[in-house]
Amino acid sequence: MFNINNITRKNILELTPYSSAREEFSGEASIWLDANENPFDTILNRYPDPYQKTLKNAISEMKGIPTDHIFIGNGSDEAIDLLFRAFCEPQQDKAFIFPPTYGMYEVSAKINNVEIVRLSLDDNFELPALDVIKDQIQSKGLLFICSPNNPTGNIYPLDSIKEIADCFPGIVVVDEAYIDFSNARSAISLLTNTPNLVVLQTMSKAYGLAGLRLGMAFAQPEILRILNKIKPPYNVNTLSQSKGLEIVQKRAIVKQQIKQIQLEREKLIEALKSISIVQKVYPTTANFILAKFDDAKNVFKTLQEKGIIIRDRSSQIENALRITVGTAEQNQQLIAILKEIKQ
Ligand SMILES: *Cc1c(COP(=O)(O)O)cnc(C)c1O
């Protein structure tokens with residue numbers, strides 16, 4: 001039923017990709033005179049591996065997934081943009097989202113001149129039953145499910161994701177930027193039986209490398225072949241590849257930090273619940289907490305004056321603020337100030 005040729009843009013199917021020097025020859029050699037590089041060693045005088053083989057091998061081992069199911073981008077934001085360019089014909093295909101959610105899907109859609117279709121979550125920000133949306137999602141393009149969702153923090157059941165993917169005629173993108181903070185199973189486990197699924201993860205959050213720009217897309221090889229065809233040849237630089245490899249090898253440290261953040265998250269939730277100006281604390285499995293306040297603007301402003309910056313999400317959800325879980329000390333300072341704010 002799923003045929004990659006039916007959902008890929010015609011110009012992309014027909015494209016002959018740029019062939020870089022490092023792609024035409026990637027074997028062993030002692031003298032490299034093919035890429036117009038400066039021959040004097042600066043550690044960085046050579047172009048990076050266009051397909052990041054060493055890093056992919058390490059990620060493959062860590063995730064238990066073959067290397068041909070892994071794509072690495074300059075942040076997951078690059079993967080999102082490439083997905084649009086590959087699979088959304090401008091002014092024809094559509095991008096489906098479940099707001100409130102991550103803003104980049106809509107921005108990327110607009111940049112690529114693709115119409116956005118907003119589907120409704122229920123009052124608890126849970127996915128609607130398939131019956132409710134089935135008829136609305138019968139056009140080609142991309143359907144984004146952010147799980148755990150930013151900014152609400154809740155995670156969606158894999159069953160619901162699978163059901164939606166099976167009935168959507170385009171590609172379903174499950175953005176798992178925060179999955180490492182939940183103890184839930186990744187949608188990667190659905191890949192074998194879901195040919196139209198792309199799972200995004202990132203080194204920007206739990207792995208502590210937002211400055212590095214390393215995002216991962218996991219999917220069947222036929223989807224990733226298309227992304228590889230259109231990506232900038234050297235999209236992940238040498239330093240990012242080596243630092244990424246290092247963190248994969250030292251992931252015990254990351255695990256430890258995640259445990260600490262999870263612990264702090266639970267403490268912060270309890271503290272917030274005890275504060276009178278907090279109306280509601282939403283359940284979260286991410287490293288942030290969405291909470292409703294009596295007067296979000298005032299809380300936001302007061303914190304800012306004291307040098308504490310949180311995210312004002314009141315344009316998306318009335319009186320809602322999103323708070324990233326910090327260190328124990330940072331969270332205590334935040335709570336101390338919140339306790340002093342009067343209604
Ligand atoms: C932070 C975040 C990302 C990360 O994007 P990168 O480009 O990898 O830094 C992706 N998706 C969501 C929902 C996020 O909140």
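Remember, it's 1-based here, ligands and their atoms both numbered in the order they're listed. Because the structure is predicted, anything quoted here is derived from the model rather than measured.
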Exercise. Would you mind checking if Glu264 and Lys267 are paired as a salt bridge, meaning a charged N to carboxylate O distance below 4.0 Å?
Key: yes
Non-hydrogen atom of Cys146 closer than 4.0 Å to ligand 1 = yes
Counting heavy atoms under 4.0 Å, the part of Ser204 that contacts ligand 1 is side chain
Expected output: side-chain Arg265 to main-chain Phe181 donor-acceptor under 3.5 Å = yes
The answer for which part of Asp175 has a heavy atom under 4.0 Å from ligand 1 is side chain
Does the ring-ring contact (aromatic ring centres under 6.0 Å, His included) test come out yes or no for Phe168 and Phe96, once each step is laid out? CA-CA 10 Å; Phe168 181 60; Phe96 298 87; 5.4 Å; yes
Checking heavy-atom distances from atom 10 (C) of ligand 1 to each of Gly211, Ser76, Gly73, the winner is Ser76
Exercise for review: Verify the distance criterion only: is there a donor paired with an acceptor across the side chains of Lys56 and Tyr51 at less than 3.5 Å?
Suggested key: no
| Glu78 near ligand 1, heavy-atom distance under 4.0 Å? | no
**OP:** Please check if the side chain of Asn149 supplies one atom and the backbone of Pro100 the other of a donor-acceptor pair under 3.5 Å.
**Re:** yes
If you scan protein heavy atoms around atom 7 (O) of ligand 1, the nearest is Arg213 NH2, 2.6 Å
- Query: Can an N or O of Asn150 be found at a distance shorter than 3.5 Å from an N or O of ligand 1?
  - Reply: yes
Across all chains, not counting sequence neighbours, the side chain to side chain contact (heavy atoms under 4.5 Å, CB included) partners of Ile111 are Val107
Here the atoms of ligand 1 under 4.0 Å from any heavy atom belonging to Asp77 are 5 (O), 7 (O)
Min over Glu176, Met203, Lys205 of heavy-atom distance to atom 3 (C) of ligand 1 lands on Lys205
Closest to atom 15 (O) of ligand 1 among protein heavy atoms sits Tyr178 OH, 2.6 Å
Heavy atoms of Ala206 and Val254 approach each other most closely as O-CG1, 3.5 Å
